[in-house]
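Each residue takes its place number in the sequence, starting with 1.
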Amino acid sequence: MVLLILLSVWCKPALAQCDNDITTTPAMPPAGELCNPYSLTLTVSGPGVQNTDSFNWIVNVPEVPMGTLASIGLTGTAMGTSYKITGEPTAFGNFTLQVTTQCTAGNCFDCGAGNDCSGCRDHITKNIPIQITNGAVRVPVDVVLVLDMSGSMMQTVPGSSSLSKWAVLKESVQAFLEAYRAWGECSDRIGVTYFDDARHDFKTPRGMYVFNHETTPMPLTGTGSIQEDMNAKGPAGLTCLGGGILEGYSFFDAMHPKRNMIVFTDGMQNTDPMVSEAPGTNMVINDYGMRPDGTGFPATLPLDLKAPAIKFRTYTVGIGDNALNGLLGNIAQAPTDNDFDGESFPINTTTNLPANLDMSFSQTFVENLAQFSPQLLDIRRIQLVQEASTIFVANPSADKIMLRIVADPAILAKARIQIEKDGKDFSSLVRTTGSMYRTFVMDTIRIRRYETTLPGKWTVRITGPSGLYQVTGIVNDEKIDVTASLGHRSYAPGDAVSLEALLQYKDQPLNGAHARVWVARPGQDVNDLFAQTGAVNPRDFPSEKGNDPGQTKYEALLAFDKAFTAALQPTIDSVSLTGAAGKYTGSYNNTQASGIYTFIFRLQGNDPQAGQYERFVLRTAVIDFGEADRQKTVIRTVNANAQTVLQFIPKNKFGSLLGPNRLTQVHILLGGKPLALTDKLDGSYEAIIPDSQLDGDPKVTITIKGQSYYEGPYSDLAGTGHKKHKWLLFIGVPLLILIIIWLARRRRKR
């Protein structure tokens with residue numbers, strides 16, 4: 001009997017179908033292709049369906065984050081018994097359309113004779129698989145811009161025509177977007193979020209937007225553009241770096257594998273959630289309860305940048321001292337999966353900021369598409385006096401070239417830019433989109449109308465007011481591939497930096513290149529310089545109220561101390577690389593001073609197959625302090641205002657100070673309890689020691705930048721000016737008296 005019941009259940013018709021079905025037109029759902037028109041019609045059919053019936057249609061796509069057709073670039077329109085899906089797909093892969101059609105009134109589905117459809121008279125459901133293929137030249141790229149909009153971004157750039165840091169950032173972002181458009185595939189996406197102490201997103205709803213679609217691209221200027229959005233915003237508030245990264249991360253999804261984040265900031269984070277620098281929680285974004293909370297940021301904490309659930313590359317660009325630039329470098333290099341290592345492009349001064357920021361964004365643009373085709377020919381600076389020219393060489397396999405000229409708007413507006421090739425003048429094609437830059441783009445198809453070819457020598461000639469001009473050349477090339485690195489570890493003062501460039505043509509080693517690395521190194525230790533330069537306290541300076549004193553000091557020095565900014569200017573060295581099997585290597589060891597080391601790899605050659613070529617790669621390293629030297633570092637206690645004050649002055653083996661602005665990197669525990677440190681802004685740090693914590697010779701633990709400097713009893717710090725401990729008075733003195741009494745009695749017995 002049980003068997004008969006089981007057989008009857010197993011043989012029972014599927015209630016979900018009820019002799020009715022959802023069919024597709026075409027009968028077999030066709031494979032779609034990225035950015036190409038797609039159409040699929042769903043129809044309810046069966047013995048009980050009438051043409052006059054109407055239905056509600058629900059279509060979900062469970063594989064994508066939002067689970068909707070819109071998430072893959074499609075839309076649906078209900079037409080009675082049919083539902084038409086159209087659009088141009090923006091994501092590729094295999095998807096399942098979970099389709100439910102429901103009667104708008106009553107039970108509209110009838111059944112054939114002998115069928116029981118009591119459980120599904122008002123709806124039927126069906127899963128329909130569809131496939132979207134990638135017909136593009138390359139995999140689409142996602143880029144999320146995470147941009148600092150805190151109050152310090154309103155500060156004026158010294159030496160410019162009244163440009164603020166925010167104004168320079170806007171222009172640099174716009175130039176980046178123009179390059180992204182010129183190299184774009186139709187399904188490339190862009191997302192933008194800004195942070196101060198609150199979240200500010202570009203557009204609503206928040207997230208990623210198709211940027212390079214062939215028929216409906218996001219505008220570069222005007223209504224709906226990122227440029228318009230940035231123009232409508234202005235800096236204010238504090239700096240919630242961790243919150244900004246968290247918001248940008250929330251835009252990513254697993255269906256788009258090429259995920260990149262570009263983070264820009266000009267100051268230390270001063271609002272939760274924060275990126276932790278403490279040992280054990282290093283590179284984890286969380287609310288640590290140490291600062292005021294930012295508002296509107298995702299509550300999905302913590303986020304471990306070393307191993308996020310959705311992997312992504314981070315490229316950081318920052319303006320600040322070694323404390324900030326070191327943090328940004330650690331963020332870029334955080335992933336434990338080396339395939340997702342990013343790069344950091346730090347800037348420690350606002351001198352020549354338009355050129356420096358554009359150089360950083362140009363290299364970042366190439367890095368974002370590094371698996372594809374844009375490559376830097378070179379980035380050159382010209383100190384113009386009336387007229388100057390420079391020549392870029394496009395190799396034979398290049399099929400596109402972009403030339404960009406950057407300068408302060410006051411001089412660029414009066415300059416004449418000429419582009420020449422094979423005796424032909426292309427100057428009329430130079431575009432004026434931004435006030436800080438001019439752009440020229442040419443490809444192998446457009447150039448035919450000028451009866452010449454793209455490969456060869458391109459001359460850029462500038463005539464106009466004296467000043468600094470920067471000229472960047474980028475080509476599209478599928479055959480030459482170049483990479484450069486500084487090794488896979490951080491460097492301390494005195495270390496030798498490993499230099500390596502790999503050069504290939506058609507996936508084979510490209511030998512015979514003239515390879516040289518130009519090194520812009522600190523003229524002096526920047527931590528020492530920062531510590532020993534007196535603070536500036538100008539009126540009406542737009543600093544952030546939540547800044548640590550060290551951050552405020554650095555920003556004020558950049559804005560008002562010309563001697564300080566002059567001392568930050570680098571000294572130029574160069575290193576020749578030796579090559580074999582397409583690998584060019586060398587080392588650089590003049591690294592005693594802490595600061596930013598900029599390494600410019602330039603490779604040039606004339607190969608029988610590859611032809612004449614040149615390539616440029618920018619790499620940077622923040623060399624910062626190293627370990628504190630036991631002999632040179634000062635630690636002592638002094639009496640001040642009837643209080644015990646611990647003074648700590650960290651120095652490295654070269655006698656250079658750690659410098660100010662390190663309150664997040666210097667930690668002192670006394671008896672397991674943290675001491676509240678004060679940054680004295682001269683390289684020293686102080687903490688008041690409560691007398692109650694000195695009983696029993698407590699343990700002292702000191703760490704600097706996550707490295708242990710001292711761990712031991714407080715009494716072992718004797719000899720450096722500490723006051724006598726209470727335990728010596730209450731235990732040591734009575735013990736000494738007992739010993740004296742004992743010795744006296746022994747003498748009497750004798």
Side-chain angles (χ1 to χ4, degrees), residues 238-239 267-272 274-282 288-292 320-324 326-327 527-528 530-533 535 543-555 594 624-630 632-652 656-694 698-714 716-717 720-723:
L238 307 180
T239 304
M268 294 294 286
Q269 52 187 346
N270 49 32
T271 305
D272 274 329
M274 299 178 71
V275 184
S276 174
E277 299 180 71
T281 56
N282 178 259
Y288 292 96
M290 302 296 291
R291 304 282 185 138
D321 69 326
N322 264 20
L324 172 64
L327 170 63
N527 295 335
D528 224 46
F530 184 19
Q532 298 192 39
T533 303
S543 62
E544 295 178 21
K545 292 181 180 179
N547 268 351
D548 286 328
Q551 177 68 28
T552 299
K553 176 184 177 181
Y554 194 84
E555 292 173 357
S594 293
D624 185 40
F625 188 68
E627 295 184 0
D629 185 271
R630 292 297 178 94
K632 295 181 173 62
T633 293
V634 176
I635 181 168
R636 61 185 174 224
T637 58
V638 298
N639 291 323
N641 299 322
Q643 292 178 311
T644 302
V645 178
L646 177 68
Q647 296 181 336
F648 185 48
I649 309 174
K651 293 184 179 181
N652 64 16
S656 298
L657 292 160
L658 173 65
N661 211 21
R662 305 301 180 115
L663 288 173
T664 61
Q665 298 178 345
V666 178
H667 301 277
I668 302 179
L669 301 179
L670 182 64
K673 298 179 180 179
L675 293 178
L677 292 174
T678 299
D679 184 354
K680 303 302 289 183
L681 304 182
D682 59 0
S684 68
Y685 297 83
E686 289 186 353
I688 296 174
I689 302 177
D691 286 343
S692 60
Q693 286 188 237
L694 291 179
K699 180 181 178 181
V700 178
T701 302
I702 302 176
T703 58
I704 306 171
K705 295 184 63 182
Q707 295 182 328
S708 176
Y709 170 73
Y710 175 79
E711 187 171 359
Y714 184 80
D716 282 359
L717 299 177
T720 56
H722 299 296
K723 75 175 186 178

ring-ring contact (aromatic ring centres under 6.0 Å, His included) filter on F530, not counting sequence neighbours, yields Y554

Residues passing the side chain to side chain contact (heavy atoms under 4.5 Å, CB included) test with D548, sequence neighbours excluded, are R291, N661, L663

So, using side chain to side chain contact (heavy atoms under 4.5 Å, CB included) as the criterion, who are the partners of P713 when residues are at least two apart? D697, Y710, S715, D716

Side chain to side chain contact (heavy atoms under 4.5 Å, CB included) partners of T281, counting only residues at least two apart: S276, A278, Y288

For D679, enumerate each residue passing the side-chain hydrogen bond (donor to acceptor under 3.5 Å, both in side chains) test, keeping only those at least two apart in sequence or located in another chain. none

Those residues at least two apart in sequence (or on a different chain) that pass side chain to side chain contact (heavy atoms under 4.5 Å, CB included) with N282 are none

Under the side-chain hydrogen bond (donor to acceptor under 3.5 Å, both in side chains) rule, collect the residues that match up with K699, sequence neighbours excluded. E711

Who passes ring-ring contact (aromatic ring centres under 6.0 Å, His included) against Y709, sequence neighbours left out? F648

Which residues pass the side-chain hydrogen bond (donor to acceptor under 3.5 Å, both in side chains) test with T664, sequence neighbours left out? E277

By salt bridge (Lys or Arg N to Asp or Glu O under 4.0 Å), which residues pair with K651, not counting sequence neighbours? none

Output all residues satisfying ring-ring contact (aromatic ring centres under 6.0 Å, His included) with Y685, sequence neighbours left out; order by chain, then residue number. none

Mind checking side-chain hydrogen bond (donor to acceptor under 3.5 Å, both in side chains) for E686 and listing every partner two or more places apart, or none if nothing turns up? Q647

